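Keep in mind that this is a model prediction, so the values were computed, not measured.
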Amino acid sequence: MQGDEARVLLGFPPDSRPSPSQVKAAYKKKVWESHPDLFPVDKKPHAESRFKLISEAYSCLLSGDYPVFVYY
């Protein structure tokens with residue numbers, strides 16, 4: 001997952017640099033909104049895939065596995 005995509009999934013602008021605490025807070029909010037157990041059976045598959053993407057975005061941003069651009 002790209003850093004821009006991860007930031008957008010968690011509700012940040014694509015070119016932002018959220019702190020770890022901001023990432024954690026956004027992750028908690030998004031997970032609560034998209035947790036599969038909160039959806040009816042017919043919408044569960046979509047919620048599960050969204051939940052997995054949000055978890056992947058969180059891991060990506062906290063691990064630093066996204067390109068860092070340095071401007072001089």
Legend entry - NZ/K28: more than 12 non-hydrogen atoms of other groups inside 6.0 Å: no

Inset, instruction - Provide the closest heavy-atom pair for L61 versus A6 in the form atom of the first, atom of the second, distance. - result: CG-CB, 3.8 Å

Legend entry - Any side-chain heavy-atom pair of K24 and Y58 under 4.5 Å: yes

Inset, instruction - List the atom of L9, the atom of K30, and the distance in Å for their closest heavy-atom pair. - result: O-CE, 3.7 Å

Legend entry - From C60 atom SG to E5 atom CD, the distance as rounded to the nearest 0.5 Å: 8.5 Å

Legend entry - Heavy-atom side-chain proximity of I54 to L10 below 4.5 angstrom: yes

Inset, instruction - List the steps and the verdict of side-chain contact (heavy atoms from CB on, under 4.5 Å) for L38 and E33. - result: CA-CA 8 Å; L38 300 175; E33 292 171 356; over 6 Å; no

Inset, instruction - Calculate, to the nearest 0.5 Å, the distance between atoms OG and NE2 belonging to S34 and H46 respectively. - result: 9.0 Å

Legend entry - Sub-4.5 Å side-chain heavy-atom contact between P18 and R7: yes

Legend entry - Q22 and F12, any side-chain heavy atoms less than 4.5 Å apart: yes

Inset, instruction - Please work out which of the three classes, parallel, tilted or perpendicular, describes the rings of F51 and H35, given edges at 30° and 60°. - result: perpendicular

